[in-house]
Structure formats: C-alpha cells, structure tokens
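Quick caveat, the model's predicted, so the values are computed rather than measured. Chain A is the first sequence line, chain B the second, and so forth, proteins listed ahead of strands; every chain is numbered from 1.
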Amino acid sequence: MTGKIPLLVLAGPTAAGKSDLALRLAPLLETDIISADSAQVYRGLDIGTAKPSAGERRQVRHHLIDMVDPDEDYSVADYQRDAQRLIGRLWSGGRLPFMVGGTGLYLRAVTENYAFGKRGGEGVFRRRLEAEADAAGSEALHERLRARDPAAAERIHPRDRRRIIRALEVFTLEGRPISEQVERTRKGEAPYRLLTFGLTLPRPLLYRAIEERVEAMLERGFLEEVRTLLSRGYRRSSPGLQILGYRQLAACIAGEISREEAVREIKTQTRRLAKRQLTWFRRDRNMRWLDLSAAGGVERAVEIIRGGVKEILA
RNA sequence: GCCGAGAUAGCUCAGUCGGUAGAGCAGCGGACUGAAAAUCCGCGUGUCCCCAGUUCGAUUCUGGGUCUCGGCA
C-alpha cells in the first residue's frame, strides 16, 4: 500500500462518447465527475462545448465546469490547483476521484503533478513581445531565449512564438528558466495511483460522429448562443470566443465568412482537434484503450472499467 | 446523333518539347509545463481512363474505345 490516492481517468477525443460513458459510470461507482475540459470551464458556452445538460448535472454532480466568464482567464495552473484540491476532498469523503475529459494538458498537469512556478501570464508582457515578434520575427525572440535558457530554446521551435514568449516571460518575471520547472516535475513523484482509460473510435466513425455533432449543435442554436455572448458585450478576442466553433461563428456574424464556410471550417478544425487529442493520449503507455463501436459497446466498457476499479481499490 | 473540350492524388487542377509526375485544399504522423478547442513541426498518399500502335522507353505521340461536360440538333 502506497498511501497514494487512487484516481480514475477517462480520456478521449471529442465526440468519442466520453460523456455518455461517464454518466453511466459515475452512479455505479457512487462518485462525481471531475471535468477536464478547457472549453467547458467558460460560463455561457454550453451548446458549442457539448456541456452536460442541467438534467445530467442533476443526476451526476459535475465539477470544474462553469468556472469563469468568457472574458476571464483560467489557466492550466488554475485547473491543476482546483482539480487536485477536489481529488483530495472527494477521496477523504470516501469517493473515488473520477476525471473525465479531452484536454491533454489539463489531465497531465494533474496526473504528473506539473511543477508550475509562481507567476502566470501577464498581458502587458505578452503584448509587448507579440509586437516584437511581429516586427522582428519569432526567430529573433528565439535567439534571445537561447541566450537566457538554452535548454528551453532547444525544445521550442523557432517559429512557436507562444512557447517562446512564455519561456521568456518566466525568465523575466521569475528570474529562472522555465526548463527548471520541467526538471522539477521529472524529479518529483506521481501523487496518484492511476487507472487510465482512453476512448477511441475507428477514424471514419469518429469523423462521422464529429460531423453529426456539429450539425446537431447548429440545430440546437449554436449560432444564437454566439450572438447572445456578443450582445452581452464579450469581445471576439476574449478567451471564450477563441474557442473552436465560437471563433468561426463570430467571424460569420461579423460578415467575414459565410455560414457555409464557418460550418465547414468548424468541422475541419474539430477533426484536427480530435487528432491532436489522440496524439496526446497515445503518448501514455499505461492507457487502456476502449472502443465503444466494438462488440459489447458501452456495456462492455462499463464492465472493463469497473473491473479495473475493483483492482485498484483492493 | 453531330461538333467541341476534358479524363493525372480523396477534391480542384498544373505538368511532362517521350526518360513513370506536383501545387492548393483535404488527409496522415508528431511536439506540447500558467492562452492548450491554443500554438507549432514534419509527411505526397498516384494503374497519369482503357486497348492497340510507333519507340530502347508512352502518362505524354497516333488510332480506336469508354465516360463526363458544353454547344447544335
């Protein structure tokens, strides 16, 4: 017995059936759902993020949904803090912590206990460096990073300005290299006894599910939802409106692209999102894969997961 | 039925003065430590419609065929 808290994780790409499975599982395990979804943290983004309905949330308690308004920041460090606190609380209340979601970074920050520094992102700093990157190119900033934090520069591509700027930000604000954080994480110990399941589907089925889901969202009033957000005064540049789907429909409402273009773009970008999500999860060697389109479907998946849970709690 | 144009990657198309071919989009693979549904990197995946002829060699030239799209009937 290690004394570590057991943690059940259900990961998977968008539209693979995570929510349905989790909704079935949670009552059987007599526990709640801890969402690991970077889009569902925004209040008011309901249809386009496939957020669980009010009814579903009455059936099973969901955590870490509706955390901030669309113009507020919510970072992976916020998520890690909130999720880890919750996991401890649930476990000491006699419940198995159960994380469900598709945001690889969020899941990993929790399960591997990423060592974050003290300082988050700062708009002023970022805007200044963005301007510099526009003027001189991200490669110039990359050179600067090489001088300050060679280890980080080695890992970050010269054109990946997001990461270059963040690395410079850490160095400037905290006075130490971001690569040190990664080192600290590597040396640290995993705080949980993990049981990790990944949902997958044959690619053609996954893509068909995405297609149908986007159509269903539009029928349920996705476009109206975006209109409402804009009419409440949220700017297109605010974090919530940068989310996939919201960004494209906002462009459509602004008259920049047609509705057809917006819908096509949303579908394409969602397929790519699903692909990136899978890339993230495939990296986890301990992931046990489940395919809901395979024989037995959801029932079989439920049994497999319950079996795994029995073992980890024994 | 006649006349014309076309047929090359999943799609739209370029190209080869005869030496088995390349763009965009789509797709595939990967990275990821405070924006992550973000950001970034890598990769052509092909009976060049079919059959015959000419040729050392045909996706390319010639003939025939098939199909598609225009126009005329």
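- The 5' end of RNA chain B is approached more closely, in terms of each residue's nearest nucleotide, by A:R81 than by the other of A:R81 and A:G48.
- Annotation: B:rC69 and B:rC32 have their C1' atoms spaced 49 Å apart (nearest Å).
- Rounded to an integer number of Å, the gap from CZ of A:R282 to P of B:rC32 is 14 Å.
- In this structure, B:rU55 makes no Watson-Crick or G-U wobble pair, since no nucleotide meets both defining distances under 3.5 angstrom.
- Among the protein residues, A:I243 comes within range of the nucleic acid bases, having at least one heavy atom under 4.0 Å from a base atom.
- The CZ-C1' distance, from A:R272 to B:rG29, rounds to 13 Å in whole Å.
- We find that A:K4 and A:E189 are joined by a salt bridge, their nearest charged nitrogen and carboxylate oxygen being less than 4.0 Å apart.
- No N or O donor and acceptor, one from the side chain of A:R276 and one from the base of B:rC32, sit under 3.5 Å apart.
- The residue A:V76 sits close only to the backbone: its heavy atoms come under 4.0 Å of sugar-phosphate atoms, none of a base.
- A salt bridge links A:E224 with A:R227: the distance from a Lys NZ or Arg NE/NH1/NH2 to an Asp or Glu carboxylate oxygen falls below 4.0 Å.
- The base of B:rG29 lies close enough to the side chain of A:K275 for a donor and an acceptor atom to sit less than 3.5 Å apart.
- A salt bridge links A:E169 with A:R126: at least one charged nitrogen is closer than 4.0 Å to a carboxylate oxygen.
- Dashed line: the shortest gap from a side-chain N or O of A:R264 to OP1 or OP2 of B:rC25 is not under 4.0 Å.
- Following rounding to the nearest Å, A:R247 (CZ) and B:rA35 (P) show an atom-to-atom distance of 15 Å.
- When each of A:A39 and A:R155 is assigned the nucleotide of RNA chain B bearing its nearest heavy atom, the one mapping closer to the 5' terminus is A:R155.
- Ionic pairing of A:E143 and A:R146 is present here: one or more N-O contacts between side-chain nitrogen and carboxylate oxygen are shorter than 4.0 angstrom.
- Base pairing of B:rG1: its partner is B:rC72, meeting the Watson-Crick or G-U wobble criterion (both donor-acceptor distances under 3.5 Å).
- Ring orientation note: the planes of A:Y79 and A:Y74 are nearly perpendicular, at an angle over 60° on the 30°/60° scale.
- Here the C1' atom of nucleotide B:rC32 and the CZ atom of A:F281 are 13 Å apart, to the nearest Å.
- Of all nucleotides present, only B:rG10 satisfies the Watson-Crick or G-U wobble test against B:rC25, with each distance under 3.5 Å.
- Residue A:K118 is in base contact, counting any heavy-atom pair closer than 4.0 Å across all strands shown.
- Summarising the geometry, the separation between CZ on A:R108 and C1' on B:rA31 is reported as 11 Å, rounded to the nearest angstrom.
- A salt bridge is defined here as a Lys NZ or Arg NE, NH1 or NH2 lying under 4.0 Å from an Asp or Glu carboxylate O, and A:R161 with A:D134 meets this definition.
- Base engagement by A:T49 is indicated by at least one non-hydrogen atom pair under 4.0 Å involving a base atom.
- Between the base of B:rA36 and the side chain of A:R163 there is a donor-acceptor pair shorter than 3.5 Å.
- If you check B:rA35, B:rA31, B:rU33 against the side chain of A:T185, the one that comes closest is B:rU33.
- The separation between A:Y74 atom OH and B:rA35 atom P is 13 Å, rounded to whole Å.
- In this structure, A:W280 places its CH2 atom 9 Å from C1' of B:rA31, rounding to the nearest Å.
- Going from atom CD1 of A:I165 over to atom C1' of B:rU33 covers 17 Å, rounded to whole Å.
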